[in-house]
Each structure stands twice: as C-alpha cells, then as structure tokens.
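Residue numbers begin at 1 in each chain, while the letters A, B, ... track the order of the sequences. The structure displayed is predicted, hence computed values, not measured ones.
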Amino acid sequence: MKTLATYSIKGGVGKTATAVNLAYLAAAQQGARVLLWDLDPQAAASYYFRVKPKLKGGVRKLVAGKTDLGDQIKGTDFEGLDILPGDFSYRHLDLDLDGLGKPEKRLRSLLEPLAEQYDYVLFDCPPSISIVSESVFRAADALIVPVIPTPLSIRTLTQLRKHLKKSKVDVTLLPFYCMVDRRKSLHRELLEQPEQSKLKMLETSIPYSTWVERMGLERAPLAEFARATEAARSYRELWWEIWERVATTAS
Amino acid sequence: MEPLHFLLDETRGWVEDPDSPADSEPTEDPIAKLAEALNPKLRIDLRAETEEQVVALDSFDWRLFQAGLELTAGDGRSRIQTTSRSPRKEAVDLTAETEQLPTFVNDLPSGKLREVITPVIGQRRLLPMASFRRRRLSMRFLDLRDKTVVRGYLESVSIEGQKKPLGRRLTLIPVRGYKRPFNDVRKAVVSALNPTVTEQSVSFLACTASGRPPGGYTTRLDLQLHGEMRADLGLRLVHGRLLDIIEENLYGARESLDTEFLHDLRVALRRSRTALSQVRGVYPQVTVDHFKGELRWLFRRIGPLRDLDVFLEALPEYRALVAPDSTRDLDPLQDFLEARRHAEQQTVRDLLSGRRTRQILGSWRHFLDSELPTSGGPPMARTPLGRVARIDIARLWKRVLHRGTRIDRATPDPALHELRVEIKKLRYLLEFFHSVLPPEVREFSKSLKRLQSTLGNFVDTVVQQRHVEQFATEMAMDGSASPQTLLAMGQLIPQFEARRIEERGHFEERFADLSTSENRDRMDKILADIQPR
Ligand SMILES: Nc1ncnc2c1ncn2[C@@H]1O[C@H](COP(=O)(O)OP(=O)(O)O)[C@@H](O)[C@H]1O
Ligand SMILES: [Mg+2]
C-alpha cells in the first residue's frame with residue numbers, strides 16, 4: 001500500500017480537485033484499489049463523490065481507535081474507489097490528536113489494518129501546518145503539492161521543503177503547477193525563468209480550466225463528463241507521472 | 001459483504017438437458033421488472049454491454065478446479081481467478097495476453113499468471129472444457145441523490161453448438177458502506193424475479209452444461225460396498241466403476257489429448273483383469289476365461305504406446321545423466337522415439353475407435369448389467385462379499401509372504417518381478433474391498449505401498465535399460481544413430497545399473513517393514529473381521 005496526500009499550506013490551490021481526479025484515475029484507469037480520506041471539515045471531496053459528509057461518532061472517536069475505521073468507509077460510484085468521508089468534527093482534529101500519545105504517528109497506525117485492502121490511500125488535507133499535517137507527513141510516502149505559478153506560492157513551497165528537512169520527515173515531495181493560465185504574463189514569465197529547475201517540479205502541469213470548476217456542478221471527476229478536454233488529459237498525465245515516481249520508491 | 005449471484009432461468013436449462021428443443025427467447029425483461037419493484041427508492045442505470053467468446057480450460061483431471069482456480073481464455077487474453085470455495089488464502093484475479101488458446105503452461109507469457117498455474121498444472125495439457133459466448137450488461141443502482149449504492153451485471157450465456165441459450169445470471173455487487181440499499185435490492189430481486197441463488201461461476205455452469213462437470217474426473221473407485229451383499233453383485237459394482245473409468249478415458253486416449261488418459265485407461269484395464277482373475281468362484285468360469293482373454297488383448301495392444309510415453313517423459317532426466325558434452329548426442333534418440341510414438345499413436349487411435357474394442361467393452365458392459373443368477377451358479381456367487389474378499393486377500397497375502405521371505409541378496413531378478421506383480425494384486429484387492437474391511441487396511445496398505453514403490457523403481461530401471469538396448473539396436477540397424485549417439489546411449493547403462501542395485505538394496509528393509517508382527521496382526525484382524533464397518 002502506498003500512501004499519498006494532496007497538501008499545501010495554502011487554500012484554494014486545487015488540492016481537492018487534484019485528489020478527486022487522481023483517486024479516480026488510479027482506480028478507473030489502473031484498476032487499483034483506492035481509499036480517499038477526506039480530512040477537510042468542509043468535506044469538499046465527499047461532496048464531489050455524492051457521499052454524505054458524516055462520521056458516526058465523530059472524528060475524535062475515530063482517531064482514538066474507539067470506532068472501527070473500516071465501518072465508516074463508503075464506496076463511491078466508481079469501482080475500486082472508496083472514501084472515508086469528511087465531517088464537520090474534523091475542525092477539532094488538531095485538538096483530538098494532541099490529546100493522544102505520539103499524535104504525529106497516529107494516522108499511520110490507523111492505516112495499518114487497511115494495508116491489505118488498498119493499493120493506495122490518498123489524503124485530501126485542509127490547508128495549514130498543524131498537528132494534522134505533521135501526522136500526514138509521517139503517514140505519507142509522497143506529498144502532491146499544487147502550486148499556482150505566483151511568487152508567493154513558490155515561496156510557500158520553498159518553506160515547506162525547508163520545514164520537512166528540518167523536522168527530518170522522510171517523504172517525497174511532488175510539487176506541480178496548477179491553474180496555469182498561459183494568457184497571464186506572470187505565469188508565463190515564472191514558468192520560463194532559469195531558476196525553475198531548482199524547484200524540482202513535476203513535468204506535468206494542470207491548466208486553468210472552467211471544466212475543473214464544472215466538477216462541482218456535475219459532482220463527478222473530470223474524466224466522467226469532460227474526458228476529451230485538455231484539463232482531463234493533463235490529470236491523466238499527472239497521474240502517470242506520479243505513479244512512476246511512487247512505484248519506484250519503497251512503501 | 002460478498003457479491004451475490006442469481007440464476008434467472010433455472011427451468012430453461014442451466015442444468016436441464018441441453019439437447020431438448022430450443023425455446024423462444026424469454027420475453028419478460030428482468031431489468032424492467034426489477035426497476036418496477038425498486039421504484040421509487042432506487043433506479044437502475046444501465047451501462048455498457050460487452051460480448052465475448054470464452055473457453056474454460058483445465059487439465060483432464062481438473063487440477064486447477066481442485067486447487068480453487070478457474071482459467072478462461074478469449075479475445076486475446078487468458079484470465080485466472082479463484083473460485084467461490086477456493087482453499088487458497090488469497091483471492092487471485094490475473095490476466096495475460098495470449099493470442100492463441102494456450103495448450104501447455106509454456107504457451108502462456110512468463111509472469112504472474114503463469115507462476116500461479118505452473119505448480120498446479122505442471123506438464124499436463126490445458127484442455128478446453130467448455131466454449132461459450134457471454135454477453136454482460138453492467139448496471140448501477142442509484143438512490144434519490146443519484147449516488148451509486150449497488151452495482152451489478154446481467155450475463156447471458158450460450159454454449160457453442162447448443163441451440164438454446166443457457167440462461168441468465170444476475171450478479172449484485174455491494175458498495176462499501178451501503179448495506180441497507182444492498183439488502184433492498186436483494187429482496188427486490190428475490191420477490192420480483194424468483195431466482196435461484198448460486199455460488200457457481202458462469203464458467204462452472206457452462207462446463208456442467210457441456211457435459212463436463214468440474215472436478216468430475218477421478219480414478220478413485222469411491223465405492224461403498226456392503227460386507228453382507230452377495231459377492232457377484234459387489235464384484236460387478238467394482239467392475240462397473242472400472243469400466244466407467246475406461247470409457248471416460250477413451251476419447252482423450254484416442255485423440256492423445258494428454259498422456260495421462262492412456263495411462264488411466266491402462267491402469268483401469270489392469271485392475272479389471274486383477275478383479276477378474278483374483279476374485280475366485282464368483283463369476284461363471286466361462287465368463288472369466290472369455291473376458292480375461294479380451295481385456296488382456298486390449299491391454300497388450302496399448303502397452304507399446306504407454307512405454308514410449310514413459311520413456312519420453314523421462315528423457316530430460318536421462319539427458320542429465322550423460323556427460324554434458326554428450327547431451328546433444330541424444331537428440332536423434334528423441335527424434336526416433338517421437339517418430340515411433342507418432343506411428344504408435346495412429347495404431348492406438350485405430351484400435352480404440354475400432355469395432356473390436358467397441359465389441360469387447362460393449363459385451364463386458366452387457367454382462368455386468370445382466371440379471372444375477374437366482375439359484376445355482378458359481379460356488380461363491382451368493383456368498384457374502386466380505387467373506388469372499390477375505391478369502392482372496394488371505395490367499396494373496398500368503399503368497400506375498402512366501403515369495404518375499406525366500407528372496408535374499410543372491411536371488412535372481414525375476415523373483416522380484418514376480419513378487420511385485422503379486423503385491424500389486426494384493427493392493428488392488430484391498431482397494432476394491434476396503435469398504436467392507438476393518439480400518440486396519442489403511443495402515444497396512446501404507447507399508448505395502450512403500451514396498452511396492454521400491455520394487456516398482458527396481459523393475460522400471462530394468463525395463464528402461466532393456467529399452468535403451470533395444471532402441472540402440474534398432475537405431476543402429478536403420479542407420480538413424482551415429483556412433484556418438486550410440487555411445488551417449490551407452491552411458492546410460494551403468495547409471496541404470498547403479499540405480500537398480502541401489503533399489504534392490506532397499507528391498508530387504510522394506511520387506512521387513514511389511515512383515516513386522518504389527519502388520520501381521522493387522523492382517524489377522526482384517527481377515528478375521530468380516531463385519532462391515
Ligand atoms: N485547474 C483549475 N482550473 C480552474 N479552476 C480550478 C482548477 N483547480 C481547482 N479549481 C477551482 O478552484 C477552487 C479551489 O479548488 P480546490 O481544489 O477546492 O482547492 P483546495 O482543496 O486547495 O482548497 C475550486 O472552485 C475549484 O473548482
Ligand atoms: Mg480542499
């Protein structure tokens with residue numbers, strides 16, 4: 001089982017859109033068994049998959065091991081793709097984790113019983129650096145980080161890299177550009193800068209596309225209703241690139 | 001929760017006689033009926049329909065099926081899956097590209113699928129057990145918020161060469177976390193469609209409908225006889241089952257689908273002959289004499305082909321026995337044997353499809369099915385089977401002990417051959433009648449088997465050595481062997497010698513194991529107690 005997470009310190013950068021599409025592609029295209037874990041109290045990922053954002057007993061009992069995680073998992077409309085729904089109670093997850101011993105190792109140990117059932121677990125994280133994200137860093141084999149090509153976003157990526165290095169977390173960082181709009185001179189300039197290679201971005205980038213926004217209306221991954229679009233194609237390529245990177249590292 | 005499978009057309013022929021006249025296509029649409037029953041809580045969203053031609057493959061004796069696996073091929077792919085009652089710990093579902101139907105394991109591309117199959121199948125041939133066309137309509141069941149809460153598919157299957165479609169099978173697949181709607185759909189299926197629940201795969205059902213029920217092949221007798229039954233009836237049951245085995249293997253042996261068909265057929269013939277000659281005074285003497293001759297005739301005709309099969313199967317091992325740079329020199333021997341096997345195969349094909357064979361087996365069946373004599377008849381015919389079995393086993397046991405004890409290191413080989421034959425007979429009788437004998441038979445048979453295998457190895461090396469010598473002479477005469485080849489073949493002789501001496505060295509110990517006082521006690525018990533278990 002490989003554990004991945006879409007993560008960024010910033011909100012509104014495309015974490016959830018990415019998580020939903022990649023989880024779908026892994027299951028539908030590759031036949032992998034995938035669990036998407038919606039860690040966001042706003043539960044956008046659950047919404048996209050038409051699953052009620054509700055955890056029986058709330059998240060506190062879940063992380064304390066008092067409710068069975070397996071019982072809370074829901075199948076999506078797509079074979080091989082399950083979701084652990086978000087819940088409003090996730091807004092207190094930091095406190096809940098803090099109340100437990102070794103909070104940063106918690107998520108990893110909760111996943112252990114699922115190792116035989118899934119090929120991939122993908123966390124969709126809320127934006128922040130917190131106990132929750134520390135716990136995700138330690139559970140994940142790789143962090144998929146959407147970066148909008150702006151100087152500010154790029155700086156947060158550099159900060160994240162430093163932070164991970166300092167706290168000695170062993171996790172692969174997979175940043176990629178997203179919501180790229182080639183009509184914007186800022187985007188163009190940044191992408192063509194000679195400093196680029198230092199950022200170690202993935203090759204694939206996701207363009208800015210109204211089709212991605214439409215996902216909220218359709219309540220489905222892109223490939224289900226806009227398969228032939230550039231955005232859908234980019235997500236497919238992104239998944240293959242990530243898959244290659246992850247497949248070659250040990251779990 | 002596991003997927004559920006329902007048969008929708010039970011009366012229309014999953015198990016019915018496939019040759020009965022074709023019905024018209026069923027008119028009622030199960031999906032419409034089901035949709036009506038689910039309305040308004042759930043609705044059915046029909047998805048893609050696919051159609052494929054599938055062949056179910058297994059060895060003649062269903063090794064994959066016995067191991068909880070199912071191999072299918074079609075549309076350029078082969079697929080291996082675990083069956084519903086698989087003894088395997090982990091579920092398997094693997095596919096591999098195969099342009100043509102695989103016939104042997106080596107026809108499969110190397111990879112996982114082949115790795116799973118190889119230890120089960122070995123060098124046995126993969127035979128097509130059923131060939132069918134499958135249409136599969138996928139569907140999902142949506143709740144009021146258009147969320148998929150159950151998945152499913154409807155399969156229609158028709159068997160190649162049968163007029164009537166076999167039937168339809170509906171499968172419901174639970175979606176994790178949606179137990180209640182799954183139960184709702186299950187209940188609706190049951191009440192609206194009145195189906196039969198099944199655990200069997202389409203492939204299993206297709207094999208059954210093609211007259212080849214999976215796992216249906218065994219050379220075990222599996223007879224439950226009764227010690228009090230009249231001996232002639234008991235013996236006919238044994239012979240009848242052996243004749244079944246002969247007939248089951250006839251086709252495969254004739255077409256040379258796998259060398260094991262001929263082997264099993266030959267063993268069944270040998271056992272039949274033993275039951276004829278060693279169970280005394282039960283059938284009329286003229287009958288015994290007549291069929292002894294007939295079965296011997298058939299048995300001897302197929303012997304040469306079996307010998308060639310055995311030799312060819314052992315050849316890779318023999319290659320390893322000669323000096324490395326002589327290995328290739330054995331190639332002409334392989335060619336010689338294969339050519340010979342080919343010719344011999346033609347002879348056996350003609351023999352097994354010929355009138356004489358049909359006549360022998362037909363009149364044998366006729367005798368076995370004929371009325372039992374109500375009075376008079378042979379002396380032991382109406383004696384209880386348990387008693388007859390005991391008398392004949394006692395005679396053979398005495399003979400085995402007698403011959404065995406007289407063998408020492410100086411005894412010439414033929415005495416060991418003869419002993420081996422007697423032991424085989426004794427083992428067969430214990431097998432035929434074990435259900436009317438006390439449980440001591442099992443332990444006793446184990447020692448017997450060990451001795452038999454030592455003697456078997458011994459005799460086999462003698463036979464193989466003789467074969468090599470004979471092949472060498474023939475190849476030298478017809479000019480198909482160079483001096484190098486003859487020398488390479490010659491290298492085998494001392495190897496056989498060494499093996500023969502080694503096996504013979506084991507004999508005393510094994511025979512001592514058999515004739516321990518423990519085993520003698522066991523045999524006394526077997527012979528004293530004629531009550532059925
Ligand atoms: N490539 C894209 N092009 C256009 N809009 C996008 C794209 N990716 C995401 N969005 C939109 O941006 C908003 C925030 O995206 P989301 O994935 O929810 O971000 P996050 O999870 O990081 O908060 C959503 O309305 C989404 O539809
Ligand atoms: Mg989000």
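Within 6.0 Å of the CG atom in B:D75, the count of heavy atoms belonging to other residues, nucleotides or ligands exceeds 12. For B:Q200, the CD atom sits in a packed shell: over 12 heavy atoms of surrounding residues, nucleotides or ligands are nearer than 6.0 Å. Within 6.0 Å of CZ in A:R91 there are more than 12 heavy atoms belonging to other residues, nucleotides or ligands. No more than 12 heavy atoms of other residues, nucleotides or ligands shown are found within 6.0 angstrom of CH2 on A:W243. Summarising the local packing, CD of A:Q30 is surrounded by more than 12 heavy atoms from other residues, nucleotides or ligands at distances under 6.0 Å. For A:E218, the CD atom sits in a packed shell: over 12 heavy atoms of surrounding residues, nucleotides or ligands are nearer than 6.0 Å. Surrounding CZ of B:R125 are more than 12 heavy atoms belonging to other residues, nucleotides or ligands, all under 6.0 Å away.
Chain A forms the most heavy-atom pairs under 4.5 Å with one residue out of B:I173, B:L142, B:V149, B:D146, and that residue is B:D146. Top candidate by heavy-atom pairs under 4.5 Å with chain B, chosen from A:I73, A:D71, A:V51, is A:I73.
With 3.5 Å as the limit, one finds a donor-acceptor pair spanning the side chains of A:Q117 and B:R176.
A:D77 places a side-chain N or O within donor-acceptor distance of the main-chain N or O of B:T148, the cut-off being under 3.5 Å. No donor-acceptor distance shorter than 3.5 angstrom exists from the side chain of B:K147 to the backbone of A:R50, with no hydrogens or angles considered.
Separation of atoms CZ (B:R140) and CZ (A:F78) is listed at 6.0 Å; rounding is to 0.5 Å. For the atom pair B:R145 CZ and A:K52 NZ, the distance stands at 5.5 Å (nearest 0.5 Å).
Neither the backbone nor the side chain of A:Q72 comes within contact range of chain B, judged by heavy atoms closer than 4.5 Å. Interface remark: B:D143 contributes no atoms to any contact with chain A (heavy atom separation under 4.5 Å).
Residues B:V175 and A:T76 approach most closely at CG1-O, 3.9 Å, considering heavy atoms.
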